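Below is one structure, written out as structure tokens; the observations come after it.
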Protein chains: 2
Amino acid sequence: MDAALIRDSVSAAMPPAERLFDELRERTADGPGVSRESYANGEQVAHDLAARAARELELEVSCDAFGNLYMTLPGRDRKLPAWIAGSHLDSVPLGGNFDGAAGVVAGLSAIAAFRHAGATPLRDVTIMGVRAEEASSWYGGSHQGHIGSRMALGLLNPRELDGAVSSRSGRTLAEQMRLAGFDPGAAQLGRAHLAPERYLAYLELHIEQGPVLDNKSIPVGIVTGIRGSARARSARCLGEYNHSGAVPHEYRSDAVLATVELCHRLDCEWEAVRNAGGDLVFTVGQLYTDGKAHSITKVPGEVTFSIDLRSEDLAVVERTTALAKQLAAQIAARRRVSFELGDFNLSPPARMDVTLQREFSQGARCLGISTMALPSGAGHDAQDFAHAGFRAAMLFVRNAHGSHNPHESMRMDDFHLGTQLLTWMLAR
Amino acid sequence: MDAALIRDSVSAAMPPAERLFDELRERTADGPGVSRESYANGEQVAHDLAARAARELELEVSCDAFGNLYMTLPGRDRKLPAWIAGSHLDSVPLGGNFDGAAGVVAGLSAIAAFRHAGATPLRDVTIMGVRAEEASSWYGGSHQGHIGSRMALGLLNPRELDGAVSSRSGRTLAEQMRLAGFDPGAAQLGRAHLAPERYLAYLELHIEQGPVLDNKSIPVGIVTGIRGSARARSARCLGEYNHSGAVPHEYRSDAVLATVELCHRLDCEWEAVRNAGGDLVFTVGQLYTDGKAHSITKVPGEVTFSIDLRSEDLAVVERTTALAKQLAAQIAARRRVSFELGDFNLSPPARMDVTLQREFSQGARCLGISTMALPSGAGHDAQDFAHAGFRAAMLFVRNAHGSHNPHESMRMDDFHLGTQLLTWMLAR
């Protein structure tokens, strides 16, 4: 298909895409946003709607033991390694309509464009609806999220599913999967349902979850890599409660001032890394004294906090994690407190395939779409495919108000451009 | 009375004092501690027990419109300015048995010692059971605590009582006072029930709420002054919630890292003041992100925190308060957040009377009691008497585990020594 045909065919696919987004929103609405709980009703509704759209396009529809959805347009040579394109269909609680779903709808729209053009691609194109990418926002415990993709890719130890517990239902993720009719027991570390040799590459379109494209007025981004992270989910600092006026400095074990020093020194390190041209983000998203015990007139005896370190460069993540531990030990000794940082969950960075990035740039020039290269600070299923040995690439679509909130605002015009570029790649 | 007679007479008063402490503990027990809520049942029980003990000593017992209790031993010359000695009879929630009550029991024991010795003091001795010194721990809002003493001394604007709201009952302090049978309307700023010209001085014995006497193995402290304070009860930092991975540094409005910088810089200022020999304590007793909105993977958009600054030197309190505001403004501009520190409630420091301190030292030498001079970091009713123009002095009794908790551990031997010294002063 040439550029003009791709534009026309994708245009024809936009009205049904918009209707699908609208139906997704209505049927999973939760206040101003949407809630599509992993392995629960909201996610299932999204899978059912995607499967219905796939059947309307006469695709081969199947499921793996973990509930991941595969919708395949047969190619001219079915023996060739296939394209696989997709994203997740769950959302965070009270999330937005497009985070995840846009990638699946874009894939289905690309296939609709093939159908509209009367074209058959050289190789199979499989659109994947991934389960439980957002499981971290529904399940506590020590698991690492990205459940559906990691199970399909043989990257998940099934014990993780027993350690993930829902604060709402009290059920483990393993129990919830069984309840939803799937088989967590089929997950095996090192044994993949999806083998990299059977696929040419994994492609994922996703809304940008930051403000970069919007601020630069560029509709589509080509992702260079996905930041890795090290996370301490519930670090603690333990001191001793005491009267704030009566206890002099030298007898205090102040958990707040110790934690504050640790966080501020890590913040200074972050600045130093940036100034040296390195890639790092540092976030303390949760920080709290104990509501039952704290008081304005007590030296605080306990603080709970989280640390989220991310970088495209694994060495930076590891170095900063080590620094956090070292600073905590120094500060604890000096301030008569103890730190329990707990284990840092490590998720290594993933490089996107350089050839695919170059090809996306060519396609964008060919279609007259303005793009820029940027890293992904958020995690995506694409990183799991990259870790499993797939060539992987991602497109970002401009989006004004961040994600993981009801105010995402991807415009259909931008989605149209992103879907054109995805279709161009699949049509090569 | 000479030293030997004081020792013997106070010894004779100790068994009933111990029984009174035990009955106070039993009748206001709350789990491992005691709860004597201001203007509610627990406080009333303590007032009833004190009044019963006073009647057994044949004292004149009366109450003011605010429920403060006065128990008077008539002197030989009733026209002379009287001694007034006492403390409060309420406690913090789940507090200890001695914080407050020790001062009233010591006063009653001193009078019992007079009775035992068959001695009549030159001037009237009034023991005061003060109401609602701990009201801050029971009532939120913008009031400044020390309700009973400030009402009796004409230092309280009655509007404060409408602004103080109990989180348990939802009632204002004015409503609760009326319910308890008292008359908050009788409080008038500038019009005192207790006039300084009618009294020689106010004396207060209290457990030390810090570890200084215990660490130095000294049973009794002579207080040099009470630290003043400036408190921001619920300061806030407002940023913007965002994806922790996807939003680069230059687009963030991170409420935690801004608050952490503010607190750490005030901590550094505290160290500088100490190193220069100045008196300052700095406490951030409460610091928390919003449990409903925060997440390990979100840039935090809001932090609530408290600031408690104390010093014997009003200029240090004022200078540090100004510095906090100035730093907050600088940090807010640089980090794209806003700070709402709110008003700092200012309570000026109070010097204890130098002559009375010297006389207590003489008495201690005379009685063979080891003492040391130390400031009070905690607030006490004595500061209100000093602010109202009374000569005021305080004795601290050694206490191992701080106060405002069930583990206070004043020993009766130390209480005995403190009561001897109080009796010595009243007998002069």
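Below, chain A is the first sequence line, B the second, and so on; all start at residue 1. Remember, it's a predicted structure, so these values are computed and weren't measured experimentally.
Considering only heavy atoms from C-beta on, A:Gln286 stays 4.5 Å or farther from B:Pro300 through its side chain. Put simply, the side chain of A:Leu257 reaches to within 4.5 Å of the side chain of B:Trp270, judged on heavy atoms. Looking at B:His243 and A:Asp99, their side chains never come closer than 4.5 Å, going by heavy atoms from C-beta outward. Within the 4.5 Å cutoff, the side chain of B:Leu287 has heavy atoms near those of the A:Val260 side chain. Counting heavy atoms from C-beta outward, B:Val247 and A:Pro211 have side chains that approach closer than 4.5 Å. Using a 4.5 Å cut-off on side-chain heavy atoms (C-beta onward), A:His264 and B:Thr259 make no contact.
Per-residue heavy-atom pair counts under 4.5 Å with chain B were compared for A:Glu250, A:Glu261, A:Arg233, A:Arg265, and the maximum is reached by A:Glu261. Per-residue counts of heavy-atom pairs under 4.5 Å with chain A were compared for B:Gly245, B:Ser403, B:Gly379; the largest is that of B:Gly245. Your options are B:Gly301, B:Ser306, B:Ser244, and the one with the most heavy-atom pairs under 4.5 Å with chain A is B:Ser244. When each of B:His401, B:Arg274, B:Glu271, B:Lys298 is checked for heavy-atom pairs under 4.5 Å with chain A, B:Arg274 comes out on top. Your options are B:Val256, B:Val92, B:Leu374, and the one with the most heavy-atom pairs under 4.5 Å with chain A is B:Val256. Comparing B:Asn215, B:Asn405, B:Asp254, B:Val212 by heavy-atom pairs within less than 4.5 Å of chain A, the highest count is held by B:Asn215. Each of A:Gly210, A:Ser376, A:Ser295 has some count of heavy-atom pairs under 4.5 Å with chain B, and the biggest count is that of A:Ser295. Of all the listed residues (B:Gly402, B:Ala246, B:Gly291), the one sharing the greatest number of non-hydrogen pairs under 4.5 Å with chain A is B:Ala246.
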Kindly indicate, with the supporting measurements, whether the criterion side chain to side chain donor-acceptor pair (under 3.5 Å) is fulfilled by B:Arg252 and A:Thr283.
-> CA-CA 10 Å; B:Arg252 288 185 179 215; A:Thr283 308; 2.8 Å; yes
Set out, in order, the CA-CA distance, both residues' side-chain angles and the distance that settles salt bridge (Lys or Arg N to Asp or Glu O under 4.0 Å) for B:Arg335 and A:Asp267, then state yes or no. CA-CA 12 Å; B:Arg335 290 185 178 264; A:Asp267 188 20; 2.6 Å; yes
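Proximity to chain B is limited to the side chain of A:Arg310, based on heavy atoms less than 4.5 angstrom apart. For a residue to count as touching a neighbouring chain, one of its non-hydrogen atoms must lie under 4.5 Å from one of that chain's; by this rule A:Val284 touches chain B with backbone and side chain alike. Contact annotation for A:Thr297: both backbone and side-chain heavy atoms come within less than 4.5 Å of a heavy atom of chain B. For a residue to count as touching a neighbouring chain, one of its non-hydrogen atoms must lie under 4.5 Å from one of that chain's; by this rule B:Ala232 touches chain A with the backbone only.
Once rounded to the nearest 0.5 Å, the distance linking OG of A:Ser137 with CD1 of B:Ile296 reads 12.5 Å. The OG1 atom of B:Thr304 sits 14.5 Å away from atom OH of A:Tyr288, with the distance rounded to the nearest 0.5 Å.
Checked against the 6.0 Å centroid threshold, B:Phe282 and A:His249 do not count as a close aromatic pair.
Atom CG of B:Asn275 is surrounded by more than 12 heavy atoms from other residues, nucleotides or ligands within 6.0 Å.
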